[in-house]
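Nothing fancy with the numbering, it's 1 onward along the sequence. Quantities reported herein were computed from a predicted structural model and do not represent experimental measurements.
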Amino acid sequence: MRHIPASRFPRLLGDWRAGTGPLAERLAVAVEKAVHDGRLPLESRLPAERLLAGELGVARGTVTACYQILRAEQLITTRTGSGSTTSLPPRLRDRLSPWDSDRGRAGRDGTALDLTVAEPAAPFDELLRAVHAAADTLPATLLHGTAGGDGPSPLHTAIADAHRARGIAVHSEHLLLTSGADAALNLLGAAHLSRSSRVVLDSPTYPGALAVFRAAGARLIAQPLTPSGWDVPALDRTLRAVRPSLAYLVPDFHNPTGLLMGDEDREELRHRLRAHDTMIVFDETMRDLDLREPALPPPRAVTGAGDRNAVYVGSLSKSLWPGLRVGWIRAHPDVVRRLAALPLAAALAPSPFDRLVATRLMEHQEAVLDRRRARLRLQRDHLVSRLSGLPWCRFRVPQGGLSLWLELHDADSSRLAVLAAARGLSLTPGFHFSPDGALGRWLRFPFTLPPEALDTAVDRLAEAHAALEETR
């Protein structure tokens with residue numbers, strides 16, 4: 001536990017007296033900001049009230065009242081004989097959305113809401129334990145070189161075990177670790193694409209994949225999704241006509257629609273792919289965000305373990321935390337060895353410390369996922385109930401994932417997003433998810449914020465639509 005001397009506080013807090021209101025409240029706000037931005041580390045012991053009052057030039061009662069405010073907000077913890085230490089309240093420790101998305105205020109007091117990124121927050125307590133455990137083992141890891149290098153690692157084993165627990169036959173030799181799913185796509189692009197290569201993608205699809213393939217100079221071919229999912233015969237015809245170098249599909253709780261490819265479509269797709277030489281990339285990043293109730297068996301893989309023309313991309317970004325840069329390519333061992341031999345593979349591998357943290361954190365993966373799925377169901381259903389009352393949009397309730405895919409009856413999503421941003425709500429228009437710049441009447445609306453923030457977001461969206469109506 002760190003002890004922060006009272007003499008450091010005048011410089012650490014800056015001009016905390018500025019503003020209005022009682023001094024104790026202004027001091028509490030300054031301490032809260034210092035904790036949030038890292039100037040005052042967590043688990044730091046605060047000075048005794050008398051000492052801090054003397055350094056700040058205020059009455060002791062002002063510091064006492066400040067500490068009372070911080071205790072009520074659960075920003076400090078006080079134990080008899082141990083003093084007061086800084087902490088984060090549960091509302092910030094155990095969240096679905098990053099603190100930055102609503103500044104920890106859940107849309108209150110006019111706080112801006114950023115829904116342009118649908119990503120979960122860190123599982124604070126489990127992550128902190130994993131980081132501490134990883135730090136303890138890092139010296140031995142660096143001395144003996146066991147976190148990087150060639151061959152299976154404990155993280156390979158943990159990821160393989162997680163797949164087998166979900167009914168997918170995976171062993172360490174089927175896995176190539178990368179620093180996230182985008183790194184995996186970059187590596188696949190380097191292996192299979194050259195300038196003007198053709199890539200077939202779902203439309204809509206994950207914007208990160210669009211950016212990776214565009215950067216490689218590929219020509220993107222949109223394969224539109226139907227309202228209920230994938231048109232497998234149409235995809236087959238496109239593959240025959242285009243003969244692409246790569247095809248990219250998201251069959252599991254598709255981003256941004258939340259659609260899940262059914263077993264019959266998976267079987268038909270598996271059968272039809274035998275006639276093609278195209279490398280098919282299946283993105284499983286959202287696979288763990290299954291919100292179906294009652295719980296159903298996990299989706300099965302589209303292709304068999306012996307298929308050399310299919311690879312699966314996964315990561316821990318949605319199931320655990322985007323800040324943990326750990327992803328993988330799952331494929332036939334021959335494909336894995338070929339990709340691992342590329343010069344770019346080493347540059348796109350996760351760092352040794354990320355590997356250690358991920359291995360420890362995966363020990364708690366099911367507990368984290370159980371909490372996350374329960375909250376996502378609640379927040380999805382809350383958002384569905386609010387949006388159902390708006391006559392100018394429609395949507396399908398997704399079976400999983402992180403967002404609703406709204407179809408606007410009478411509005412351009414780009415114009416609506418601009419008006420929403422002017423009201424403190426940032427959203428992503430549909431064209432960002434399109435391989436060809438279409439989807440102008442669609443909008444992604446994540447349900448990762450708390451219900452009270454979702455209420456504020458819907459209110460602001462409705463205000464923006466009303467303003468759009470007035471301009472016609």
Between the main-chain N or O of Gly440 and the side-chain N or O of Ser413, is there a donor-acceptor pair closer than 3.5 Å? yes
Testing the 3.5 Å rule here: is there a donor-acceptor pair between the side chains of Asp410 and His465? yes
Check: Asp283/His254 side-chain N/O donor and acceptor closer than 3.5 Å: no
What I want to find out is whether Asp354 reaches Arg325 closely enough, with some N-O distance under 4.0 Å, to be called a salt bridge. no
Under a 3.5 Å distance rule, please check whether Thr86 uses its side chain to pair with a backbone N or O of Ser44 as donor and acceptor. yes
Would you say the side chain of Arg272 lies within less than 4.5 Å of the side chain of Leu239, judging by non-hydrogen atoms? no
Do you know which two heavy atoms are closest between Arg423 and Ala464, and how far apart they sit? CD-N, 3.8 Å
Got a donor-acceptor contact below 3.5 angstrom from the Thr137 side chain to the Leu356 backbone? no
With side-chain contact (heavy atoms from CB on, under 4.5 Å) as the criterion, how do Tyr206 and Asp182 come out once you've worked through the C-alpha distance, each side chain's angles and the decisive distance to 0.1 Å? CA-CA 10 Å; Tyr206 167 52; Asp182 285 355; 2.8 Å; yes
Side-chain H-bond candidate by donor/acceptor type, Asp236 with His276, under 3.5 Å: yes
Residues Arg372, Glu366: salt bridge by 4.0 Å N-O rule: no
What are the two closest non-hydrogen atoms of Leu260 and Trp230, and how far apart are they? C-CZ3, 3.7 Å
One thing to verify: whether Arg441 and Asp412 come together as a salt bridge, which I'm taking to mean a side-chain N less than 4.0 angstrom from a carboxylate O. no
Can you name the closest pair of heavy atoms from Ala130 and Arg360 and give their distance? CB-CB, 3.8 Å
Once rounded to the nearest 0.5 Å, what's the spacing between atom CG of Leu324 and atom CZ of Phe353? 10.0 Å
Interatomic distance, Leu439 atom CG to His432 atom NE2 [nearest 0.5 angstrom]: 11.5 Å
Measure across Pro204 and Thr257 and return the closest heavy-atom pair with its distance rounded to 0.1 Å. CG-CG2, 3.8 Å
Can you name the nearest heavy-atom pair linking Gly401 to Leu376, along with the distance? O-CD1, 4.1 Å
Check whether any side-chain N or O of Gln379 sits under 3.5 Å from a backbone N or O of Leu449 as a donor-acceptor pair, and report yes or no. yes
Show the numbers, then the answer: is there a side-chain contact (heavy atoms from CB on, under 4.5 Å) between Leu249 and Leu269? CA-CA 11 Å; Leu249 306 175; Leu269 181 57; 4.0 Å; yes
Using only atom types and a distance under 3.5 Å, with no angle test, would you say the side chain of Thr205 pairs donor to acceptor with the backbone of Leu201? no
Polar side chain donor-acceptor pair, Arg415 to Thr471, under 3.5 angstrom: yes
Leu46 vs Leu40 side-chain heavy atoms within contact, under 4.5 Å: yes
Output the distance between atom OG (Ser179) and atom CH2 (Trp328), rounded to the nearest 0.5 Å. 13.0 Å
For Leu177 and Arg355, run side-chain contact (heavy atoms from CB on, under 4.5 Å): C-alpha distance rounded to whole Å, both residues' side-chain angles, the deciding distance at 0.1 Å, then the answer. CA-CA 9 Å; Leu177 300 183; Arg355 291 178 186 232; 3.6 Å; yes
Any side-chain heavy-atom pair from Leu225 and Ser203 closer than 4.5 angstrom? no
Are the aromatic rings of Trp405 and Phe445 close, with centres under 6.0 Å apart? no
Set out, in order, the CA-CA distance, both residues' side-chain angles and the distance that settles side-chain contact (heavy atoms from CB on, under 4.5 Å) for Thr359 and Thr157, then state yes or no. CA-CA 9 Å; Thr359 302; Thr157 302; over 6 Å; no
Any chance the side chains of Thr78 and Ser84 put a donor and an acceptor closer than 3.5 Å? yes
Lys318 vs Pro120 side-chain heavy atoms within contact, under 4.5 Å: yes
Below 4.5 Å, heavy atoms only, C-beta onward: do Pro322 and Pro98 meet side chain to side chain? no
Leu115 CG to Leu454 CG distance, which is reported to the nearest 0.5 Å: 7.5 Å
Find the distance between SG (Cys393) and CG (Leu416) and round it off to the nearest 0.5 Å. 9.5 Å
Go through the side-chain N and O atoms of Ser385 and His382 and say whether any donor and acceptor fall under 3.5 Å apart. no
Rounded to the nearest 0.5 Å, the CH2 atom of Trp442 sits from the CZ atom of Phe395 at a distance of 11.5 Å
Keeping Thr278 on the side-chain end and Pro244 on the backbone end, is there a donor-acceptor pair under 3.5 Å? yes
Salt bridge between Arg166 and Asp288, side-chain N to carboxylate O under 4.0 Å? yes
Counting distance only, does the side-chain N/O of Thr456 pair as donor-acceptor with the main-chain N or O of Glu452 below 3.5 Å? yes
Pair Asp370 + Arg375: basic N to acidic O under 4.0 Å: no
On the 0 to 90° scale, with breaks at 30° and 60°, tag the Tyr312-Phe282 ring pair as parallel, tilted or perpendicular. parallel
In terms of side-chain heavy atoms, does Gln223 have a donor or acceptor partner in Thr238 at a distance below 3.5 Å? yes
For the residue pair Gln365 and Met362, establish whether any side-chain heavy-atom pair is separated by less than 4.5 Å. yes
Please determine whether the number of non-hydrogen atoms from other residues, nucleotides or ligands lying under 6.0 Å from atom CZ of Arg164 exceeds 12. yes
Look only at the side chain of Arg380 and the backbone of Ser403, and say whether a donor-acceptor pair between them is shorter than 3.5 Å. no
Side chain to side chain, Leu273 and Arg270, heavy atoms closer than 4.5 Å: no
Determine whether Leu127 and Val357 make a side-chain contact, defined as any pair of heavy atoms from C-beta on separated by less than 4.5 Å. yes
Under a 3.5 Å distance rule, please check whether Arg373 uses its side chain to pair with a backbone N or O of Leu289 as donor and acceptor. no
Tightest non-hydrogen contact, residues Ala160 and Leu175, listed as N-CD1, 3.9 Å
N/O donor-acceptor pair under 3.5 Å between Arg219 side chain and Val199 backbone: no
